[in-house]
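What follows is a single structure, written as structure tokens, with notes after it.
As the structure is a computational prediction, the values presented were derived from the model and not from experiment.
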Amino acid sequence: MALVRVQGLTYRHPDAEAPALDGVSLEVQPGELVCVLGPSGSGKSTLLRALAGLVPHFHGGAFAGRVEIGGIDTRTTRPSELAGVVASVFQDPEDQVVFSQVENEVEFGLENIGVPPEEIRGRAAAALESVGAAHLAGRPTPEISAGELQRVCLASALALGPELLLLDEPTSQLDPDGARALFELLGELQLAVVISEQRPSLPLEYCDRVVFLEGGRVLLDAPRDDAVRWLARNRPAYVETAPEARAGEEVDGEVVSLLDDVSFSYGGETGVESTSLRVRRREIVALTGPNGSGKTTLAKLAAGLLEPGLGRVERTGRAAYLSQDPGRYVVAERVDEEVALGIGGDLQRARRALGLVGLDGLESRHPRDLSSGERERVALASVLVTAPDLLILDEPTRGMDPDRKSALAALLRDGAGRRATLVVTHDVAFAAEVADRVVSLARRREAVHA
């Protein structure tokens with residue numbers, strides 16, 4: 001008997017012109033791992049939120065059709081009543097965290113579903129151990145990296161012992177080893193998993209079935225092997241083999257950013273230790289390494305957002321920094337106004353920048369009405385439009401489908417001659433496609449906080 005039944009699901013967000021989901025029907029069996037693929041804005045996240053009961057109870061809008069989880073109709077059951085049956089890890093783990101300490105965060109869900117107090121600490125510790133995050137138990141959540149926070153949110157979900165686990169872009173901020181360990185763990189769990197991903201290579205190795213969404217409709221629902229053949233014929237970017245990453249040599253040109261033997265600590269925790277890096281004009285450098293190895297800290301030092309405790313930082317000209325979670329910093333009511341903030345409100349320049357990132361026609365939309373991937377592109381346009389001498393992008397492909405990643409790589413390459421570019425990323429395929437040089441902190445530091 002199917003654990004999940006979706007019949008004719010159509011959903012329109014409040015004030016949206018087109019439905020996010022349009023006549024979606026599918027089933028998920030107990031123990032099945034289903035991968036949901038599709039371009040940015042195709043309805044993947046909305047589908048997962050419908051399976052969690054958040055659509056329509058939390059998001060409002062117009063809902064038609066039927067969603068049942070274990071025979072429970074989500075239209076008549078609040079999301080809180082599904083807790084323990086369904087657990088979710090959202091696309092933006094920063095928005096999911098409640099407590100300021102890791103172990104308290106993982107214990108919180110167990111308290112909410114009435115687990116006996118004497119069992120809570122052991123279950124929370126076991127969940128953290130299962131995702132390779134036991135060493136984070138006593139750490140403050142604001143002080144861990146985004147990838148580490150993603151692991152903590154996954155532990156919080158697994159600790160509940162759900163029948164259905166919903167994962168929205170769960171590897172978007174995990175290093176390659178962590179991403180593979182996650183899928184190996186999912187393969188061992190005795191529960192149904194529905195996972196939305198924009199980095200399809202690993203999911204296609206491990207999943208049982210693939211659902212491909214486009215424009216809110218199901219274009220494909222097939223076993224993995226059949227799906228891979230369909231993708232190769234119809235959406236080849238989803239199955240293309242990534243090129244090899246290049247270590248590369250520095251290009252000739254002016255040094256725009258110099259970090260010389262810099263160190264930085266967050267209280268008693270080392271963020272970066274004795275690290276040096278140069279980025280020249282006309283050069284794109286990809287900065288890689290395990291979660292917690294200091295990539296974001298180094299990028300913030302390069303941008304001038306942090307001052308080193310030791311060492312020297314020099315910059316030429318203006319720096320622009322795109323954070324890992326730019327959707328949290330939206331302040332304007334319209335997309336074009338958001339992009340124009342850094343250029344004195346020049347809407348014409350802002351609209352041209354939106355065209356560069358493929359967001360023509362969305363100028364008047366509210367940024368928070370867009371998909372996560374679309375919001376990432378709004379933020380990208382907001383920094384590109386300022387024409388910086390040093391462009392720093394922290395996980396810029398988060399929420400982007402393969403075709404959009406290739407378009408971003410082409411865009412960055414096209415503008416590389418005007419600036420120096422530093423890209424922090426766990427996306428090995430993107431790093432290989434876009435960068436002149438790949439620098440790994442894993443090779444530069446003896447001690448890495450995983």
Side-chain angles (χ1 to χ4, degrees), residues 173 242-260 262 272 275-289 293-306 313-326 339 342-343 349 352-358 376-400 404-441 444:
Q173 297 179 95
E244 291 292 326
R246 306 180 291 280
E249 299 291 334
E250 292 184 35
V251 302
D252 292 330
E254 171 193 17
V255 176
V256 175
S257 176
L258 171 66
L259 295 93
D260 182 21
V262 296
V272 167
T275 301
S276 299
L277 178 69
R278 285 186 299 196
V279 187
R280 298 177 182 268
R281 198 177 300 274
R282 300 192 300 109
E283 181 181 42
I284 300 176
V285 176
L287 186 61
T288 66
S293 60
K295 300 182 298 300
T296 293
T297 301
L298 198 66
K300 289 181 176 179
L301 288 166
L305 297 174
L306 297 174
V313 177
E314 294 181 0
R315 282 178 301 279
T316 299
R318 294 178 299 107
Y321 176 81
L322 178 65
S323 67
Q324 282 185 3
D325 48 355
V339 176
I343 51 172
R349 279 179 62 188
R352 287 195 294 271
L354 286 167
L356 288 175
V357 298
E376 294 279 341
R377 283 187 271 157
V378 170
L380 176 63
S382 299
V383 294
L384 287 176
V385 76
T386 65
D389 297 284
L390 173 62
L391 176 65
I392 301 174
L393 307 178
D394 198 349
E395 297 291 354
T397 63
R398 180 179 170 185
M400 285 190 180
R404 182 52 57 188
K405 291 179 189 179
S406 293
L408 172 60
L411 177 63
L412 294 178
R413 296 298 316 169
D414 184 58
R418 300 188 293 273
R419 59 180 174 252
T421 306
L422 178 64
V423 179
V424 177
T425 186
H426 285 128
D427 192 330
V428 176
F430 181 73
E433 184 175 6
V434 73
D436 299 298
R437 187 160 54 97
V438 177
V439 177
S440 174
L441 290 190
R444 300 173 68 91

Q: Decide yes or no on side chain to side chain contact (heavy atoms under 4.5 Å, CB included) for Val262 and Leu277, but give the supporting numbers first.
A: CA-CA 9 Å; Val262 296; Leu277 178 69; over 6 Å; no

(Q) Measuring only between side-chain heavy atoms, which start at C-beta, is Val428 closer than 4.5 Å to Thr288? (A) no

Q: Pick out which of Leu322, Val357, Leu354, Val339 makes a side-chain contact (heavy atoms from CB on, under 4.5 Å) with Ser382.
A: Val339

Q. Any side-chain heavy atom of Leu380 sitting closer than 4.5 Å to one from Pro396?
A. no

Q) Can you check side chain to side chain contact (heavy atoms under 4.5 Å, CB included) on Arg398 and Thr425, steps first, answer last? A) CA-CA 9 Å; Arg398 180 179 170 185; Thr425 186; over 6 Å; no

Q. What is the minimum heavy-atom distance between Ala302 and Leu390, and which atoms define it?
A. O-CD2, 3.7 Å

Q: Check whether any side-chain heavy atom of Leu412 lies under 4.5 Å from a side-chain heavy atom of Arg419, and answer yes or no.
A: yes

Q) Quick one: CG on Leu384 to CZ on Arg377, what's the gap to the nearest 0.5 Å? A) 13.0 Å

**Q.** Test item: Arg349 side-chain N/O and Val385 main-chain N/O as donor-acceptor pair under 3.5 Å
**A.** yes

Q. Okay, side chain of Arg281, backbone of Glu254: is any donor-acceptor separation there less than 3.5 Å?
A. no

Q: Kindly say whether Thr386 contributes a backbone atom to a donor-acceptor pair with the side chain of Arg318 at under 3.5 angstrom?
A: yes

Q) Is the side chain of Glu395 donor-acceptor paired with the backbone N or O of His426 at a distance under 3.5 Å, no angle test? A) yes

Q: Decide yes or no for Thr275 and Leu259: does some side-chain heavy atom of the first lie under 4.5 Å from some side-chain heavy atom of the second?
A: no

(Q) According to side-chain hydrogen bond (donor to acceptor under 3.5 Å, both in side chains), who are the partners of Ser406, at least two apart in sequence or on a separate chain? (A) Glu433

**Q.** Chi angles and distances behind the side chain to side chain contact (heavy atoms under 4.5 Å, CB included) call for Val279, Ile392
**A.** CA-CA 11 Å; Val279 187; Ile392 301 174; over 6 Å; no

Q: Working to the nearest 0.5 Å, report the span between OG of Ser257 and CZ of Arg278.
A: 11.0 Å

Q. Who pairs with Arg315 by side-chain hydrogen bond (donor to acceptor under 3.5 Å, both in side chains), at least two apart in sequence or on another chain?
A. none

**Q.** Donor-acceptor under 3.5 Å (Arg280 side chain, Ala420 main chain)
**A.** no

Q.
Tell me whether Arg418 contacts the main-chain N or O of Ala387 through its side chain, where contact means a donor paired with an acceptor under 3.5 Å.
A. no

Q: Report yes if some heavy atom in the side chain of Ser276 is under 4.5 Å from a heavy atom in the side chain of Asp260; otherwise report no.
A: yes

Q) About how many Å separate CD of Glu376 and CE of Met400, when rounded to the nearest 0.5 Å? A) 6.5 Å

**Q.** Test side-chain hydrogen bond (donor to acceptor under 3.5 Å, both in side chains) applied to Thr297 - qualifying residues, sequence neighbours left out
**A.** Tyr266

Q.
Tell me if a side-chain donor or acceptor on Lys295 pairs with a main-chain N or O of Gly289 at a distance below 3.5 Å.
A. yes

Q. Do Leu441 and Leu287 touch side chain to side chain, with heavy atoms closer than 4.5 Å?
A. yes

Q | Lys405, NZ atom: more than 12 neighbouring heavy atoms under 6.0 Å | A | yes

**Q.** Any Thr296 side-chain heavy atom under 4.5 Å of Lys300 side chain
**A.** yes

Q.
Taking the side chain as everything from C-beta on, heavy atoms only, tell me whether Thr421 gets closer than 4.5 Å to Leu391.
A. yes

